[in-house]
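Some notes on the structure that comes next.
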Amino acid sequence: MLNIYNSLTNQKEEFKPIVPGQVSMYVCGMTVYDFCHIGHARVLVVFDVVYRYLQHLGYDVNYVRNITDIDDKIINRANERGEDFYRLTQRFIDAMHEDADALGVLRPTKEPRATDSIGIMLKMIAELVSNGHAYQAPNGDVYFSVAKYKDYGQLSGKKIDELRSGERVEVDTQKNDPLDFVLWKSAKPGEPSWPSDYGDGRPGWHIECSAMSTQMLGNHFDIHGGGQDLQFPHHENEIAQSECCTGEKFVNYWMHNGFVRVNEEKMSKSLGNFFTLRDVSKDFKAEEIRYFILSSHYRSQLNYSEDQLNNARSALKRFYGALLGAEICEPLSNTDYQKRFEAALNDDFNTANAVAVLFDLVRDINRAKTEDSATVNALASLLKYLGGIIGLLQSDAESYLKGQVGDYSGLNDDKVDDLIKQRLDARDNRDWALADRIRDELTAARIVLEDGVGGTRWRRG
RNA sequence: GGCUGGGUGGCAGAGUGGUCAUGCAGCGGCCUGCAAAGCCGUCAACGGCGGUUCGAUUCCGCCCUCAGCCUCCA
């Protein structure tokens, strides 16, 4: 039985889909004006695990993750570069796909772009205007009337009165109420725009998610996810717009992942303390980054540091070390390991706990290695199968361990094999000094040797 | 100021009203020509003060403290 922590009620609840056997899930994706950083990677990976695990449980999952490809930042960036905004966003969409693929993130079922959905947004806006929940201001902008939605604040726990008293935004005289938010922005000269009954303009940020999610998943769907920073105002506003427009409940389960932090501070574009995936990938394998993300619970904060990534590196070496030499076959079914593993994931996707189960399995594999290979193969296959449920351990063990990343010395695999052969000769002659000298040479090139009964193995350290 | 969520052993990070988390690091041993890897053993923690309880790191209250949101942000 799967339990999910619901941000709407602030407690874990048993997951029950609206339609038995099917899950409809929407996750707020990237605004594509720059490369993805580790914080973005966390959303991608966290909800990839949710997606994979729901499928593992046998659900037919309709997973929609949007792309915001029109907003102020995109326009500004395009202007700075003198590049057409559509070309700019296309470039970063391609980059995002490359990054996500590398991390082992499965493509969502659908990945709508905001600019392809303007029509449906305008329909929603028209409905909100006609039913009195929205109005057009003198300057042409269309705003949503927060005060007219009595349940506003249900997700973030905020109260309209308190928001108003803590108001820090300068009052926009165009709005009837400072809390109102924009649905349609009228275009300034030279900005990308779309025609509408309210004049040329572009959509506000919040309406796109309401439009694309309800269009693709229905007015009422199961799961909506995103980063914690979207809880307010973005998700709160989505609820308000959607429910005022459709008259139905919008979403049953809200999921929010915690931030990645750098030196006790949120990693964010505005603080400038972010590390892009591309930067980090110069020194670490994508799977190490994925493991790092999954080594803590998705709702807790995650501190980014090189030590943490090194820790992930050690962990994966241990996993792949256990897998090395085993023959992968049909995994054992109904094992205690699988039960514990699933119990962990059933508990609000507790990947940290699930990974701990995998380490117990590793110990059993390594123990069995001195005894019989059938047990090793069976347990290793189970390890690989369970790892696959959270998108880990799917590489070939030997190539993973020999794989290189970043600036290693120029020693290629053939040269390594050659040196190892020379060292073996030296060892046969009991010339330990020479053997050790060769090993030192390899060590300097970050090659680690392991002399075993079956010969000498090596890996890149 | 309002609202969230935290404070666990050297580090990271789960969890529980009374027996082991787990990984890395450390220490002792086995294995090895020596290593490495692996295995066995081992050390060690629950922010502070009260309360409930036979017993609390785990429940309750207060305090201290950290992060996040309240403005764009995954």
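Sequence lines set the chain letters: A, B, ... in the order given, protein chains first and strands last, and positions in each chain run from 1. What's counted below: heavy atoms across the whole structure, side chains too, no hydrogens, waters or symmetry copies.
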- prompt: So, is A:Asn366 near the phosphate of B:rC39, with a side-chain N or O under 4.0 Å from OP1 or OP2?
  reply: yes

- Would you tell me whether A:Asn303 and A:Glu264 have side-chain atoms, one donor and one acceptor, within less than 3.5 Å of each other? yes

When you check the phosphate oxygens OP1 and OP2 of B:rC24, does a side-chain N or O of A:Arg313 lie under 4.0 Å from one of them? no

Residue set satisfying side-chain hydrogen bond (donor to acceptor under 3.5 Å, both in side chains) with A:Ser305, at least two apart, ordered chain then number -> none

With the side chain defined as heavy atoms from C-beta on, A:Asn311 is closest, among B:rA74, B:rU22, B:rC24, to B:rC24

Between A:Val362 and A:Asn257, whichever has its closest RNA chain B nucleotide further toward 5' is A:Val362

Note: for A:Arg42 and A:Lys317 on RNA chain B, the residue whose nearest nucleotide lies more 5' is A:Lys317

key: No-hydrogen, no-angle side-chain donor-acceptor test under 3.5 Å, A:Tyr152 and A:Glu236   = no

ask   = Just to confirm, is there a sub-4.0 Å distance from OP1 or OP2 of B:rA74 to any side-chain nitrogen or oxygen of A:Arg65?
value = no

(Q) Between the base of B:rC73 and the side chain of A:Lys73, is there a donor and acceptor pair under 3.5 angstrom? (A) no

Review point. Is there a side-chain polar atom (N or O) of A:Arg340 under 4.0 Å from OP1 or OP2 of B:rU22?
Key: no

When rounded to the nearest 0.5 Å, the distance separating CD of A:Glu265 from CG of A:Asn273 is 5.5 Å

Aromatic ring proximity, centroids under 6.0 angstrom, A:Phe275 and A:His37:
no

Contact string for nucleotides 2-9 of chain B, one letter per nucleotide 5' to 3', B = base within protein heavy-atom range under 4.0 Å, S = sugar-phosphate only, - = neither, reads BS-S----

From the list A:Asn139, A:Asp71, A:Asp72, A:Asp141, side-chain hydrogen bond (donor to acceptor under 3.5 Å, both in side chains) with A:Lys185 holds only for A:Asp72

Winner on side-chain proximity to A:Arg367, out of B:rC73, B:rC40, B:rA14, is B:rC40

- Would a 4.5 Å heavy-atom cut-off, applied to side chains only, mark A:His235 and A:Cys28 as touching? yes

Which of B:rG15, B:rG23, B:rC70 is nearest the side chain of A:Asn353? It is B:rG15

Pairing partner of B:rU58, by Watson-Crick or G-U wobble and under 3.5 Å for both distances, is none

Requested in this report: With P as the reference atom in both, quote the distance from B:rC69 to B:rC60 in angstrom, rounded to an integer.
Outcome: 27 Å

No-hydrogen, no-angle side-chain donor-acceptor test under 3.5 Å, A:Ser117 and A:Glu208 = no

Just to confirm, is there a sub-4.0 Å distance from OP1 or OP2 of B:rA37 to any side-chain nitrogen or oxygen of A:Lys369? no

Each nucleotide of nucleotides 31-36 of chain B classed B (base within 4.0 Å of a protein heavy atom), S (only sugar-phosphate) or -, in 5' to 3' order, makes --BBBB

